[in-house]
Amino acid sequence: MLLTEHEGKRLLAAAGIAVPGGFVVRSAGALARRNVAYPVAVKTQVAAGGRGKAGGVVRARSRREAQNAVSRLLRTSFNGETPRAVLIEPWLEIQRELYLSVTVDPAAEGYVVLYSPRGGVEIEAGKPPARYDVGPAREFRAYRLREILATVETDAAVRERVIALARRLVTLAATRDCTTVEINPLAKLADGSLTAADAKIVRDEYAGFRAADIAAALEKARRPEPRPISRALAGNLMLVWLDGEVGLISGGAGMTMATMDLIGDAGGKPACFLDCSANPTPTGYRLAFELLDGEPKVKVILVSIFGGLTHMDRVARTMKEIMAGRRSRKPVVFRLNGTNAKRVDEIFAEAGLRNHAALENAVAEAVALAKKRYGR
Amino acid sequence: MLLTEHEGKRLLAAAGIAVPGGFVVRSAGALARRNVAYPVAVKTQVAAGGRGKAGGVVRARSRREAQNAVSRLLRTSFNGETPRAVLIEPWLEIQRELYLSVTVDPAAEGYVVLYSPRGGVEIEAGKPPARYDVGPAREFRAYRLREILATVETDAAVRERVIALARRLVTLAATRDCTTVEINPLAKLADGSLTAADAKIVRDEYAGFRAADIAAALEKARRPEPRPISRALAGNLMLVWLDGEVGLISGGAGMTMATMDLIGDAGGKPACFLDCSANPTPTGYRLAFELLDGEPKVKVILVSIFGGLTHMDRVARTMKEIMAGRRSRKPVVFRLNGTNAKRVDEIFAEAGLRNHAALENAVAEAVALAKKRYGR
Amino acid sequence: MSVLIDQTSRVIIQGLTGNVGRFSARDLIAYGTRVAGGTSTSKADTEVEGLPVFPSVRAARESTGADVSLVYVPAATALDHVIEAFEAGVRLVVYPGDGLPVQDAIEMRAAAKANGGVLIGPNTPGIISPGKAKAGFMPSFCYTQGPLGVISRSGSLSYEACFRLTGAGLGQTTVIGIGGDAIKGLTASEALALLHADPDTHAIVYLGEIGGQDEYEVAAYAARSGAKPLAALIIGRQAPPGKKMGHAGALIGSHADTHAAKMKALNKAGVYATGTVTGLVTAVNAALAGVKLARARTA
Amino acid sequence: MSVLIDQTSRVIIQGLTGNVGRFSARDLIAYGTRVAGGTSTSKADTEVEGLPVFPSVRAARESTGADVSLVYVPAATALDHVIEAFEAGVRLVVYPGDGLPVQDAIEMRAAAKANGGVLIGPNTPGIISPGKAKAGFMPSFCYTQGPLGVISRSGSLSYEACFRLTGAGLGQTTVIGIGGDAIKGLTASEALALLHADPDTHAIVYLGEIGGQDEYEVAAYAARSGAKPLAALIIGRQAPPGKKMGHAGALIGSHADTHAAKMKALNKAGVYATGTVTGLVTAVNAALAGVKLARARTA
């Protein structure tokens, strides 16, 4: 879960990391009640990258300029994200822009620290940043990072500040369940101090059970989602809408993607990625059907499940029940296999349902049905 | 720094630990605006222990009872602490009161987990709690604690919840710089769940540099202190007022206490513990004199410093300057020794000051002077 | 032969008394796995499915000599149980659970390393050496003994893939589900090293997807001189960039994460790579033909 | 003999280029300590007080073979520097600084243990073996060589106490400032064990105070058969309960923390205990008389 800049900076500040003293507003009018020293930076708050290059950060020299910028930014989407707030910060006189981040990296078997003495919007175009493979957070060693930065950052005072900051970021990542903590730019000011001019923090959604703020943020993030996505999340289904017409109900990310690929190869287009493996119960499947039955672009539903822990005789019985009570007339094609799959045919036979033995045949039928319905 | 219950519970809740859904009020009137299901617990918020036994927790069955309780508690001091707020919580139907705490313990070389299946206000009277010496937080092992609790907590479901909770508390202590996290009582409710009915959390004042909330709390705690203490803290001096008449300016906790003891032995009483070792500069000593000169109960000032890193020639010169510009006529007795102490006599001689070679003699003179001034 | 698990392995199940634990115990025993017992934090000193239940892994090991543990506990307590297993001397721990915070995965891997053990997981169906033993919940009928070592990031895909291989008479030495998360107990390159050293594994099948760097580890292995022939199935051609496809690791963030880039790297390294399950058997047969070719050359 | 430090010890100073580092270097050299150089994170490859400055402890050790490090850095980076020293192979690290979060003290002690080293500190003046070497900032003139091992929780009190001992002709083998914090690198009982094993230490002087359990460790040692004679000075009779007296550890929370309880326990264990600096020399002489008595008996 990517935080917005001001949410990220709140976490940084709590960990003793310097951030500019800003505040968020949700309307241009809100600025009128604030005593602000100009110039300021007016920064749109979207949980998406590339904002700086796309004009999401504006320098304003007066209240009028700032209010205009706030109004404009609140109306502008970035990367498909509508901002819900704008951050107002003192405009920093930056002597040098640095780059510092801590992320989870398999090659590091844990956290990696990345640093570049030249940060900012063009970071990806420049020389790749210096890399310190930390591993678990407790393996962070200031002296190791110092060795690595010896030739990278020649200003010793900056180097020591960066090392101290890197330790804080690694600790922050580990103790607050962040998978990415990126400060770009990390601003070196005239007095030599370092301030986080921006913050990109990704928190681990799986840690909600022990981090109340992650649980709350997940709950909050769910609300503005369109209703089907929001319902899928609540029902523990993983739903991503795509722009095709073959609705796919599957189990396991791998089988879902593999079936999507086959739909494409058969000349069709998947309407969604819908993985029910985290909730393979009557409730979960019922919800999956409701979501796809209610979505107009879905012309046909393909159920493609290869169960391991999921017992396919139970799935078959569930499908039988759902089919019996279902109002939608969208055709459904089944391919069930896996644990106890040999009982599926027998269960389906009672209900006049058919289960495909081969995945390719099921896909072909689904794509053909979708085309037929499209043609109508 | 001991947190109040509601501050402590905020930290617990952030770490994913169940607490009752309460709120704080600062006046009885504030309750009128709240929609509350009665009965409630009305709990005074003081950073001091023994509140429950002393009547600081009241059960209220109606808004009127609750408002009366709030008014009364806000007027009542506990252990010398005036409450600034009152916590209102749903009254818990507790099936059993447990005790669980994590503290720093030298014998554990780190954290220790203490657990008793019978908690509550009488915890100290009962059997001593079971003890798990963790060491550094990362050495916490659920299976070790399970072994220890096997015979202590016979309800397996409770035991597993306690183990999960203990891990959270150890992590909380280590990641949020708490030296004590005590939940007493830890309430077992009718549904088998465990809730922190109270919270006693002590945070490490030294960690303010990396924990913004500790830094803020220290700042906040300083403000309601009486002005001299508050000034001493701001000047990095350690001041504890006592009820005697010999004002003591010293360096190092050991020498300060040793000198206090000698003052007592000589028939006097120390007026304070005032340790300047964290700021042995002209500014620090000047502040020390201002504080004692301004305090009426101080009849004489004894300066007793044995310097290691503190160079006594510098201290002597500082004393000379302070004496030259000082308005107060309270007598001052010196005993300076330590690094570069051989130059003290020479520096003092120029100013007509006298330095005692023996601590006992200096103490005797100071006590005699104090008695003389008392007598007047 | 096979890797990590075979007919001599003695397996315990942590969380034996739960529904999944009981089902899995029956399933493992039915497959011929030597299941020695299990642990339960709530119902110790009883028997489940004819197996002894112990209060701790140490007790289970002392009494049964088990060297493999299959851990069925929720994510919130998973790290604690996995550490317990390694510190009790278990050599191989399989943690199939998903939804594990990455911080805990990092610590699990570190615990395996610190104790000289091997972790498989999280987010995996486990491991099976067909005809010998299994520690996981993959459907047994999909597997048969043979010359292929299989490594998979996805559980469900590995069932489908092995079902096809078995159907085509292409059996397996060991099938290892390395899991779909970013931080893995056993990585692709570590799994490759194990299968590389196994004399009965003649060719290796890798089942991968978009996102992450694992496929580049596979390409790096394949490019080495003396590498065993490799076939690969890489899925996710229809996945749009920037969206997480179920697996924490299945997300196209940069160009290197895309299907095309991975296929290119694998092909360049001499891997018989296909982008569709339909092409799997053909690719594997091509890889095995490579083995015969190589043998003919050395003969 | 002496413990932990002597004329063969080669000492480096971490943070040599700061004011305290420079002063301490001059002071240590003046005392005859073999100072090998120091480190600086800002001003590497220069010379300070005639000593080489290295960018890391590893570089300093490789070039000088130093085995002791005295660390003058602020609390915020102290843990990093202490870990660096131990992992570079330094045997004895002295960290005098105060204001260290207890969490960092726990980790410092764990780092010492993990690397087989000894930590002295935090919140201590350091250690001195009179006439041989010092690693700390105690005033040198307070010390002279002799038969007493001294352990102190308080820096300033140890100066006063040793000044009196030295004045009375009662010299010291080694004076160890274990520090006033709750979590210590070297505990009272560990310091006792070291002095117990040192043949030249005939009697031990313990300087303690209210709060904490250290004094009970001392009493436990004294009660052992074969323990060396002990004198103790325990201060804090005038300290009120519930107030922290400067030292993080000097706080009367329970009855065991009080002056009276500690004096009672020490006296019961056969320690020559006094509550005032004035009584120290007498108590120490009594302890030394105990030595003579014991010798006379065995002779």
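Keep in mind the model is a prediction, meaning the values are calculated, not measured. Per chain, numbering begins at 1; letters A, B, ... match sequence-line order.
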Donor-acceptor contact present, side-chain Gln172(D) to main-chain Leu170(D), <3.5 Å: yes
Top contributor to chain D interface from Thr310(B), Ile305(B), Thr259(B), Val104(B) [non-hydrogen pairs under 4.5 Å]: Val104(B)
Region of Glu205(B) that comes under 4.5 Å of a non-hydrogen atom in chain D: side chain
Distance-only donor-acceptor check, side chains Gln103(D) and Tyr111(B), under 3.5 Å: yes
Side chains of Asp105(B) and Thr103(B), donor plus acceptor under 3.5 Å: no
Contact origin within Met238(B) toward chain D - heavy atom pairs under 4.5 Å: side chain
Test applied, side chain to side chain contact (heavy atoms under 4.5 Å, CB included); reference residue, His81(D); option that passes from Ile83(D), Thr77(D), Leu79(D): Thr77(D)
Contact leader toward chain D among Asp204(B), Ile263(B), Leu262(B), where contacts are heavy-atom pairs under 4.5 Å: Asp204(B)
Ser250(B) side-chain N/O to Ser304(B) backbone N/O, donor-acceptor pair under 3.5 Å: yes
Among the listed options Asp177(B), Leu242(B), Leu359(B), the residue most often paired with chain D at heavy-atom distances under 4.5 Å: Leu359(B)
Heavy-atom pairs under 4.5 Å with chain D, option from Arg210(B), Lys269(B), Lys342(B) with the top count: Arg210(B)
Arg176(B), part contacting chain D, at a heavy-atom distance under 4.5 Å: neither
Under 4.5 Å from any heavy atom of chain B - which part of Gln213(D): neither
Ring geometry between Phe306(B) and Tyr159(D) (parallel below 30°, tilted from 30 to 60°, perpendicular above 60°): tilted
Residue from Ile201(B), Thr180(B), Val181(B) passing side chain to side chain contact (heavy atoms under 4.5 Å, CB included) with Leu3(B): Ile201(B)
Any donor-acceptor N or O pair under 3.5 Å, side chains Thr278(D), Thr276(D): yes
Side-chain touch Asn279(B)/Leu237(B), heavy atoms, less than 4.5 angstrom: yes
Best-contacting candidate, Asp98(D), Leu207(D), Val20(D), Asp104(D), against chain B by heavy atom pairs under 4.5 angstrom: Asp104(D)
Most chain D-contacting option - heavy-atom pairs closer than 4.5 Å, from Thr256(B), Asp265(B), Thr179(B): Asp265(B)
Residues Tyr72(D), Phe23(D); criterion side chain to side chain contact (heavy atoms under 4.5 Å, CB included); working and verdict: CA-CA 11 Å; Tyr72(D) 291 121; Phe23(D) 160 73; over 6 Å; no
Part of Leu233(D) within contact of chain B (heavy atom distance under 4.5 Å): neither
Structural part of Arg109(D) lying under 4.5 Å from a heavy atom of chain B: side chain
Residue Asn340(B) versus chain D: region with a heavy atom under 4.5 Å: neither
Best-contacting candidate, Glu217(D), Met138(D), Lys184(D), Arg164(D), against chain B by heavy atom pairs under 4.5 angstrom: Arg164(D)
Contacting region of Lys113(D) [heavy-atom separation from chain B under 4.5 Å]: side chain
